Amino acid sequence: MDDAKELQKVYKSNTLVEAAYKLSLGEQRILLACIAKIDSRKPLPPEIKISAVEYADTYDLPVSQAYEALREASERMFERKIRLANKQQREERDIRWLQERAVYHTGQGAISLVFSDRVKRHISLLSGEFTRYQLERVSGLQSFFSVRLYEMLMRWRDTGTLIISLDDFKRRLGIEDKYPRFPDLKRRVIAPAVKELGQKSGLEIEWDIERERRAVKGLIFRFRERDQMDLDLDEPKPA
């Protein structure tokens, strides 16, 4: 295993983990790679840059494919939004991932981006409730849904159980208006994600459904890590 890749760590507030958003796999990979470059205990740098070589190394891809992924993402990422839920006030708010449009540096084969002010508080100077994992754990995943499910499970790594309503599960994945029939959701989203995580992320997952009368109302995921390779991550300390 590449030592540099092993040391890359992703820290997110639990609020961000439980937020609703939808990204392409390439966009998600860029954001995670940039977050992994951040020291979550310190203020966020004004700008974060990732090169095609770094991207290719992190995700084990040809450099030519990395160039294309960075170029395409630079054109769309500014439009991507997150829907954050304020449980106390029972309201939701849409925020942007980025403060301004990402810049693709043609001569350098790199992309630079500035996280929005509202996102900064969820990825830097963290204390209290946050989720952390090694980027290497999800670098081989080929589905946005797989990565998001992994993050949701890591939110509950201390208990090894995620219990979530079906509506909230779909909301977090940005698919509220898709898969009205549960068998389709199971076939297209849940089963492939669970299978891929079992093969590539080091998790063993069992899942079941909760019903109200005959309708599926919730999901229960029980999981364990086959090894404890990333439990020695440095925890952010309160300021």
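All figures in this text were calculated on a predicted structure; none of them were measured in a lab.
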Participant: Compare all side-chain heavy atoms of Tyr104 with those of Glu72 and state whether any distance is below 4.5 angstrom.
Facilitator: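 Side chain of Tyr104 against side chain of Glu72, heavy atoms only: no contact under 4.5 Å found.
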Participant: Name all pairs fulfilling the side chain to side chain donor-acceptor pair (under 3.5 Å) condition that reach into residues 108-125, sequence neighbours left out, sorted by first residue then second.
Facilitator: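 Every side chain to side chain donor-acceptor pair (under 3.5 Å) pair that includes a residue of residues 108-125, provided the two are not neighbours, is Ser13-His122, Lys49-Gln108, His105-Ser112, Asp117-Lys120.
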Participant: Mind checking whether Met77 and Val114 sit in one hydrophobic cluster, side chains of I, L, V, M, F, W, Y counted as touching below 4.5 Å?
Facilitator: no
Participant: Arg222: what forms a side chain to side chain donor-acceptor pair (under 3.5 Å) with it, not counting sequence neighbours?
Facilitator: none
Participant: Quick one: sort the Trp207 and Phe221 rings into parallel, tilted or perpendicular, breaks at 30° and 60°.
Facilitator: parallel
Participant: Which hydrophobic side chains are connected to Ile163, either touching it within the sub-4.5 Å cutoff or through other members that do?
Facilitator: Ile220
Participant: Determine whether Ile38 and Leu23 fall in the same hydrophobic cluster, where Ile, Leu, Val, Met, Phe, Trp and Tyr are linked whenever their side-chain heavy atoms lie under 4.5 Å apart.
Facilitator: yes
Participant: Name all residues meeting the side-chain contact (heavy atoms from CB on, under 4.5 Å) criterion together with Phe145; count only those two or more places apart in sequence or in a different chain, and write none if there are none.
Facilitator: Lys22, Ser143, Leu173, Ile175, Val189
Participant: Mind checking whether Phe130 and Val17 sit in one hydrophobic cluster, side chains of I, L, V, M, F, W, Y counted as touching below 4.5 Å?
Facilitator: no
Participant: What residues, two or more places apart in sequence or in another chain, satisfy salt bridge (Lys or Arg N to Asp or Glu O under 4.0 Å) together with Arg188?
Facilitator: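 With sequence neighbours excluded, Arg188 shows a salt bridge (Lys or Arg N to Asp or Glu O under 4.0 Å) to no residue whatsoever.
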Participant: Which distance, rounded to the nearest 0.5 Å, do you find between the CD of Glu27 and the CG of Leu31?
Facilitator: 7.5 Å
Participant: Side-chain atoms of residues 210-217: list all donor-acceptor pairs with protein atoms under 3.5 Å, sequence neighbours left out, distances to 0.1 Å.
Facilitator:
| residue | atom | partner | partner atom | Å |
| --- | --- | --- | --- | --- |
| Arg211 | NH1 | Arg214 | O | 2.6 |

Participant: Hydrophobic clusters here meaning ILVMFWY residues chained together by side-chain heavy-atom distances under 4.5 Å, can you tell me if Leu166 and Val194 are in one?
Facilitator: yes
Participant: In chain order, what residues pass the side chain to side chain donor-acceptor pair (under 3.5 Å) check against Glu176, with sequence neighbours excluded?
Facilitator: none
Participant: Kindly state each residue pair satisfying ring pair (Phe, Tyr, Trp, His ring centres under 6.0 Å) with at least one member in residues 179-198, sequence neighbours excluded.
Facilitator: none
Participant: Does Tyr21 have Arg148 sitting over its ring (NZ/CZ under 6.0 Å from centre, angle to axis within 45°)?
Facilitator: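 Output yes; distance and angle both within limits.
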Participant: I'd like to know whether CD of Glu129 has more than 12 heavy-atom contacts from other residues, nucleotides or ligands below 6.0 angstrom.
Facilitator: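 Not more than 12 within 6.0 Å, no.
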Participant: CZ of Arg83: more than 12 outside heavy atoms within 6.0 angstrom?
Facilitator: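 Atom CZ in Arg83 is not packed in, count stays at 12 or less.
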Participant: Same cluster or not: Leu61 versus Ile50, using hydrophobic residues (I, L, V, M, F, W, Y) connected whenever any side-chain heavy atoms lie under 4.5 Å apart?
Facilitator: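 In one cluster with Leu61: Ile50, yes.
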Participant: Quick one: side chain to side chain donor-acceptor pair (under 3.5 Å) partners of Glu47, sequence neighbours excluded?
Facilitator: none
Participant: Only counting residues at least two apart or in another chain, list the ones meeting ring pair (Phe, Tyr, Trp, His ring centres under 6.0 Å) with Trp156.
Facilitator: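 Not a single residue meets the ring pair (Phe, Tyr, Trp, His ring centres under 6.0 Å) criterion with Trp156.
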Participant: For Asp168, give me all partners under side chain to side chain donor-acceptor pair (under 3.5 Å), at least two apart in sequence or on another chain.
Facilitator: Arg171, Arg172
Participant: Does Arg137 make a cation-pi contact with Tyr150, if we ask for NZ or CZ under 6.0 Å from the ring centre and within 45° of the axis?
Facilitator: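 No.
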Participant: Quick check for you: to the nearest 0.5 Å, what is the distance between Glu18 atom CD and Glu151 atom CD?
Facilitator: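 Between atom CD of Glu18 and atom CD of Glu151 there are 11.5 Å.
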Participant: For Gln199, which residues count as a side-chain contact (heavy atoms from CB on, under 4.5 Å) partner, sequence neighbours excluded?
Facilitator: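 Expected list: Lys195.
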